[in-house]
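Note that these values count all heavy atoms, side chains included, but never hydrogens, waters or copies made by symmetry. Chain letters run A, B, ... following the sequence lines, proteins first, then strands; residues in each count from 1.
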Amino acid sequence: MLDVKMVREQPDRVRERLASRGAGDEARLDDVLALDEERRAALAEVESLKAERNRSSKEIGALMAQKKLEEAETRKQQVREIGARIAALDATLDGIETRRHDLLSRLPNLPHASVPPGRTADDNPVVREWGTKAEFAFDPLPHTELCQRLRLVDFERGTKLSGSGFLLYTGWGARLERALIQFLLDLHTREHGYTEVSPPFIIGRDCMFGVGQFPKFEDQAYAVREGEDNGSLGKLYLLPTAEAPVANIHRDEILAEADLPIRYAAYSPCFRAEAGAAGVGTRGMIRVHQFDKVELIKIVRPEEGYDELEKLVANAERVLQLLGLHYRAVLLCTGDMGFASAKTYDLEVWAPGQGQYLEVSSCSNCEDFQARRMALRYKNSEGRNVLPHILNGSGTALARLFVALIETHQQADGSIRIPEPLQPFLGTDVIRP
RNA sequence: GGAGAGAUGGCUGAGUGGUUUAAAGCGCACGCCUGGAAAGCGUGAGUGGGCUUAUACCCCACCGGGAGUUCGAAUCUCCCUCUCUCCGCCA
């Protein structure tokens, strides 16, 4: 959520930054400003009436103590009228505040000044490349073929169980998935200084609102029904990313400055309805309704936000380097960024069997956008409450990493060579048919 | 799932309709005292919003959340959530 005071004081800058996203959000800015103005006018009026009522009620108490009952009755009648006006104004004010909050909560974050202008993913500059595209003396197979030959994933039966977009990992495939999760968690906790947390996979609305998933992207979430028909549908949701619960761990708290920076690493499955994306790139494991991910979350002082973002990206890149996977880092342009983010790097790993790069990590600094939504603050050395920057990054998403891994390290005999750092976790150096 | 008890500031805990602008204690910060400390004494200290150059003053709201009664609600009524104890069920 944007700071209303900032919107009020720098409307032109806010308008320009919103416009740079190219989603037309700046069109709603005038409504926000008008509602804000209305709110403050109504607030001034109702507050002065309340002050008057408070004074009068106190006087009535004094009159009654002095047994001046008739005078007290007269005053009561007067205050009753004030009360009626307050009730009416409060109702008006409530409507204004609801509309203002709703509008404001649907406005995306402002892109940081260092974010390149652009409209689509084609405008994202590549900021870094590591390794080179794997060369093969044979025709590399796509992961779907590899999975079937090595019995790593049973696509048909996954679909039988839960519909398209759900995977049944089998044998070495299931074991590889588990090994990757453990490899990632150990890497980030032992070498990168993150504290491991394991959050609930079913979460409340407040978590979804806090990170900016709700109210705008409600149709993307799976809602959970508790029991048969007790009306609880919609209160709880399957998490779309561990970012949602983990970033909210300290919601509605005032941390000490010494608590920062906070760094969490969390494994979770991620559930995404992908409404409207049916039939687009749905083959195999590239786009699915459920995938595993290790997510990294940081809560830091604003002055350290962007240094921490660079470190976060480096932590995610380390994963791909250790697994010997060629990748590139791109900086998302203004038009391609997510709702809550002020600046985002994506890591795209090369998948030889696909002949394309796959997004396996997205690392963002959301600045204070989420902290404001969830009322997360820390007390600084001057005793003021400050909104920290909240960062999130995939470290990394698994189904696609799995794809890049087996496609990159496939060998002529149909086996998969396992990169050395992963071998202790999997218990083998090669997966054979 | 059933029965009971409870939710007040950083913590403990008083307050059951009006000087409560929420007592008191502990803890905290600063000052005095001291060679230094402890003790003692004094002062201060919550969150959000409005006004404002202001993190000054003043005003509004906040005693788990929401609705209601009243001139006036921490206090009375209703609903919800959560915590604790006991019972049942259960990986």
S.K.: Is there a side-chain contact between A/R8 and the phosphate of B/G50, meaning an N or O under 4.0 Å from OP1 or OP2?
M.R.: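 Checking A/R8 against B/G50: at least one side-chain N or O falls below 4.0 Å of OP1 or OP2.
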S.K.: Just how far, in rounded Å, is C1' of B/U19 from CD1 of A/I60?
M.R.: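 A/I60 atom CD1 is separated from B/U19 atom C1' by 16 Å.
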S.K.: Taking only N and O in the side chain of A/R80, is any of them less than 4.0 Å away from OP1 or OP2 of B/U70?
M.R.: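 False: A/R80 side-chain N/O out of range (4.0 Å or more) of B/U70 OP1/OP2.
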S.K.: Could you walk me through whether A/E218 and A/R205 pass salt bridge (charged side-chain N to carboxylate O under 4.0 Å, His left out), step by step?
M.R.: CA-CA 10 Å; A/E218 236 174 300; A/R205 296 192 63 85; 3.1 Å; yes
S.K.: Checking base pairs now: Watson-Crick or wobble, both atom distances under 3.5 Å. What partners B/C32?
M.R.: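 Across all strands, the one nucleotide that pairs with B/C32 is B/G40.
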S.K.: Between B/U43 and B/G36, how far apart are the two C1' atoms, rounded to whole Å?
M.R.: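 Here B/U43 and B/G36 have their C1' atoms 23 Å from each other.
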S.K.: Strictly below 4.0 Å: does A/K50 bring a side-chain N or O up to OP1 or OP2 of B/G72?
M.R.: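 For A/K50, the contact criterion (side-chain N or O under 4.0 Å from OP1 or OP2 of B/G72) is not met.
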S.K.: Please determine, for B/U70, whether a Watson-Crick or G-U wobble partner exists with both distances under 3.5 Å, and give it or none.
M.R.: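 Paired with no nucleotide.
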S.K.: Does the ring centre of A/F369 sit less than 6.0 Å away from the ring centre of A/F339?
M.R.: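 Yes, the ring of A/F339 comes within the 6.0 Å limit of the ring of A/F369, centre to centre.
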S.K.: For the residue pair A/E145 / A/Q410, report whether a side-chain donor-acceptor contact shorter than 3.5 Å exists.
M.R.: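 A/E145 and A/Q410 do not have a side-chain donor-acceptor pair below 3.5 Å.
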S.K.: What interatomic distance, in whole Å, is found between C1' of B/A37 and the corresponding atom of B/A74?
M.R.: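 That atom pair is separated by 42 Å.
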S.K.: B/G27 pairs with which nucleotide, Watson-Crick or G-U wobble, both distances below 3.5 Å?
M.R.: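 Answer to the pairing question: none, since B/G27 forms no Watson-Crick or G-U pair.
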S.K.: Nearest whole angstrom, please: distance from the P of B/G50 to the CG of A/L49.
M.R.: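 Between P of B/G50 and CG of A/L49: 18 Å.
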S.K.: Within the sub-3.5 Å range, which N or O atoms of nucleotides 43-48 of chain B have a protein N or O partner, and how far apart are they?
M.R.:
from  : atom 1 : to     : atom 2 : distance (Å)
B/U47 : OP1    : A/K379 : NZ     : 2.8
B/U47 : OP1    : A/N385 : ND2    : 2.9
B/U47 : O3'    : A/R377 : NH1    : 2.8
B/G48 : OP1    : A/R377 : NH1    : 3.2

S.K.: Let me know, please, whether A/V79 or A/R40 comes out on the 5' side of the other along RNA chain B by nearest nucleotide.
M.R.: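 Closest to the 5' end, via its nearest nucleotide, is A/R40.
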S.K.: Roughly how far apart, to the nearest Å, are B/U34 and B/G40 at atom C1'?
M.R.: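 12 Å, rounded to whole Å.
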S.K.: Roughly how far apart, to the nearest Å, are B/U52 and B/C58 at atom C1'?
M.R.: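 Per the computed distance, 10 Å lies between those C1' atoms.
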S.K.: Any side-chain heavy atom of A/L398 sitting closer than 4.5 Å to one from A/K293?
M.R.: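 Counting from C-beta outward, A/L398 and A/K293 never come under 4.5 Å.
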S.K.: Determine the interatomic distance between P on B/G88 and the same-named atom on B/G2; round to the nearest Å.
M.R.: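 Going atom to atom, P in each nucleotide, I get 16 Å.
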S.K.: A/K58 has a side chain; which of B/C51, B/U70, B/U21 sits nearest to it?
M.R.: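 Within the option list, the nearest is B/U21.
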S.K.: Only one of A/E308, A/E243, A/E304 clears salt bridge (Lys or Arg N to Asp or Glu O under 4.0 Å) with A/K298; which?
M.R.: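 Exactly one option meets the salt bridge (Lys or Arg N to Asp or Glu O under 4.0 Å) with A/K298, and it is A/E308.
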S.K.: Between B/G10 and B/A29, how many Å separate the two C1' atoms, rounded to a whole number?
M.R.: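 Rounded to whole Å, the distance is 13 Å.
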S.K.: Less than 4.0 Å between a side-chain N and a carboxylate O, is that true for A/D25 and A/R28?
M.R.: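 Salt bridge flag = yes for A/D25 with A/R28.
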S.K.: Which of the following nucleotides, B/G49, B/C71, B/C51, is nearest to the side chain of A/R39?
M.R.: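 For A/R39, the side-chain atoms sit closest to B/G49.
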S.K.: Toward the 5' end of RNA chain B, which comes first, A/R100 or A/R55, by nearest nucleotide?
M.R.: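 It is A/R100 whose nearest nucleotide is closer to the 5' end.
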S.K.: On a whole-Å scale, what distance lies between the P atoms belonging to B/A45 and B/G50?
M.R.: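 About 22 Å, rounded to a whole number of Å.
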S.K.: Give the rounded distance in Å between these two atoms: CZ of A/R205 and P of B/C80.
M.R.: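 My rounded result for the distance is 20 Å.
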S.K.: Heavy atoms from C-beta onward define the side chain here; which of B/U55, B/G50, B/C71 lies closest to that of A/R384?
M.R.: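 When the side chain of A/R384 is considered, B/U55 is the closest of B/U55, B/G50, B/C71.
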S.K.: Taking only the C1' atom of each, what is the distance from B/G13 to B/C63 in whole angstrom?
M.R.: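 Pairwise C1' distance, B/G13 against B/C63, rounds to 13 Å.
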S.K.: For B/C82, give the paired nucleotide (Watson-Crick: N1-N3 plus N6-O4 or O6-N4; G-U: N1-O2 and O6-N3; both under 3.5 Å), or none.
M.R.: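 B/G6 is the nucleotide pairing with B/C82.
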S.K.: Whole angstroms only, please: what is the CG-P distance between A/L43 and B/C60?
M.R.: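 After rounding, the gap between these two atoms is 12 Å.
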S.K.: Checking side chain to side chain donor-acceptor pair (under 3.5 Å) for the pair A/S364/A/T344: CA distance, chi angles, key distance, verdict?
M.R.: CA-CA 4 Å; A/S364 303; A/T344 299; 2.7 Å; yes
S.K.: Nearest-Å distance, CD (A/E253) to P (B/G9)?
M.R.: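 Those two atoms, CD and P, are 15 Å apart.
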S.K.: Taking any strand in view, what nucleotide pairs with B/C58 in a Watson-Crick or G-U wobble way, both distances under 3.5 Å?
M.R.: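 By the stated definition (distances under 3.5 Å), B/G50 pairs with B/C58.
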S.K.: Is A/R301 close to A/Y378 at the side-chain level, that is, under 4.5 Å between some pair of heavy atoms?
M.R.: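 Answer yes - side chains close enough.
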S.K.: Regarding A/A51, tell me which of base, sugar-phosphate or nothing describes its non-hydrogen contacts under 4.0 Å with the strands shown.
M.R.: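 Since only primed, P, OP1 and OP2 atoms lie under 4.0 Å of A/A51, the category is sugar-phosphate.
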S.K.: Could you check whether A/D30 pairs with A/R15 (Lys NZ or Arg NE/NH1/NH2 to Asp/Glu carboxylate O, under 4.0 Å)?
M.R.: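 Looking at A/D30 and A/R15, the cut-off is met.
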S.K.: Let me know the distance between CG of A/N380 and P of B/A29, rounded to the nearest Å.
M.R.: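 It is 17 Å, rounded to the nearest whole Å.
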S.K.: Find out whether A/M1 and A/H101 are in side-chain contact, i.e. whether some heavy atom of one side chain is under 4.5 Å from a heavy atom of the other.
M.R.: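 SC-SC contact between A/M1 and A/H101 confirmed.
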S.K.: May I ask you to evaluate whether A/N54 reaches the phosphate of B/C60, defined as a side-chain N or O under 4.0 Å from OP1 or OP2?
M.R.: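 Yes, within the criterion.
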S.K.: In whole angstroms, how far is the P atom of B/C82 from the CG atom of A/D206?
M.R.: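 A/D206 atom CG is separated from B/C82 atom P by 13 Å.
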S.K.: Starting from P on B/C60, measure out to CD on A/E52 and report it in whole angstrom.
M.R.: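 In whole Å, B/C60 P lies 11 Å from A/E52 CD.
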